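Note that the structure is a prediction, hence the values are computed from the model and not measured.
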Amino acid sequence: MMTTIGGALAVAMLGAATAPAPAPAEVADDCTGPVSDVRLFVTVSNVRSAKGLIAVTLYADDRSKFLAHHGSLYVGRVAAVMPTTRVCIHVPATGVYGLAVYHDEDGNRKFKRSTFGLPAEGYGFSNNASTFLGLPSFSSVRLPVPRSGTETGVRLKYP
């Protein structure tokens, strides 16, 4: 399964994970990201250790920016909790977004890859979109956020 993803996922997640935020990330009410009135709660399951950080990358409803270098709105990070980490992120407004999540076990704020360019850390996407044949399409990760307090889940996959 991982070999079908190739380096493309690692490059895309690395680009997503290192994309700068348009505004400094702030923490308010235990939520990450630029403060807004709309909060999204993400339950990240299958976290294999409490080392490092869980990074949740938020994308606007724009397929051309999904997984593109500097295409994200921001990356929210919280301490990893095993076996499940709950993350609260501020989203700019109600609407449709996409999420890419990874477990930054070494805490270096970068998506780690193997020598062959394959993912070396756990990862996942909103709607638990499949990566069996490569990167998921934006249409498979589109997540409606109709109101503040919306809940979603992402199950991490590890190499």
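- Contact check for Leu58 versus Ile89: side-chain heavy atoms found under the 4.5 Å cut-off.
- For the pair Arg48 and Met82, the minimum side-chain heavy-atom distance is 4.5 Å or more.
- Inter-residue side-chain proximity for Thr57 and Leu73 is flagged as unmet; no heavy-atom pair is nearer than 4.5 Å.
- Counting only distance, with no hydrogens or angles, the side chain of Glu121 and the backbone of Lys112 share a donor-acceptor pair below 3.5 Å.
- The distance from the OG atom of Ser72 to the OH atom of Tyr97 is 13.0 Å, given to the nearest 0.5 Å.
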- Derivation of the side-chain contact (heavy atoms from CB on, under 4.5 Å) call for Val47 and His103: CA-CA 7 Å; Val47 179; His103 184 183; 3.8 Å; yes

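- Contact annotation: the side chain of Cys88 never approaches that of Asp30 to less than 4.5 Å [non-hydrogen atoms, C-beta and beyond].
- Proximity of Thr152 to Leu99: side-chain heavy atoms (C-beta onward) are separated by under 4.5 Å at one or more points.
- Between the Thr94 side chain and the Pro146 main chain, no donor and acceptor come within less than 3.5 Å of each other.
- Panel note: side chain Thr43, backbone Gly153; no donor-acceptor pair is recorded below 3.5 Å.
- Between the side chain of Ser137 and the main chain of Ser140, a donor-acceptor pair closer than 3.5 Å is present.
- A pairwise comparison of heavy atoms in Tyr59 and Gly71 identifies CD2-O, 3.8 Å as the closest pair.
- The shortest side-chain heavy-atom distance between Phe66 and Val141 falls under the 4.5 Å cut-off.
- No side-chain donor-acceptor contact under 3.5 Å links Asn46 to the backbone of Arg155.
- Looking at Val96 and Val145, their side chains never come closer than 4.5 Å, going by heavy atoms from C-beta outward.
- Under the 4.5 Å side-chain heavy-atom criterion for ILVMFWY residues, no single connected hydrophobic cluster contains both Leu53 and Val87.
- Without hydrogens or angle criteria, Ser148 side chain to Asp37 main chain gives a donor-acceptor distance under 3.5 Å.
- Closest approach of Pro159 to Gly122, counting heavy atoms only: CD-N, 4.5 Å.
- A 4.5 Å side-chain heavy-atom check between Arg113 and Pro119 finds every atom pair outside the cut-off.
- Electrostatic pairing of Arg86 and Glu151 counts as a salt bridge here, judged by a charged N lying under 4.0 Å from a carboxylate O.
- Hydrophobic clustering, with ILVMFWY side chains joined whenever heavy atoms are under 4.5 angstrom apart, groups Val38 together with Leu40.
- Taking every heavy atom of both residues into account, Tyr102 and Arg109 meet most closely at OH-C, 3.4 Å.
- Remark: Asp61 engages Arg142 in a salt bridge, criterion side-chain N to carboxylate O under 4.0 Å.
- Phe41 and Val75 are assigned to two separate hydrophobic clusters, defined by single-linkage of ILVMFWY side chains at heavy-atom distances under 4.5 Å.
- Here the closest non-hydrogen pair linking Arg63 and Phe138 is CB-CB, 3.8 Å.
- Between the side chains of His90 and Tyr74, no donor-acceptor pair is found at a separation under 3.5 Å.
- At distances below 3.5 Å, not a single donor-acceptor pair connects side-chain atoms of Asn127 with backbone N or O atoms of Ala129.
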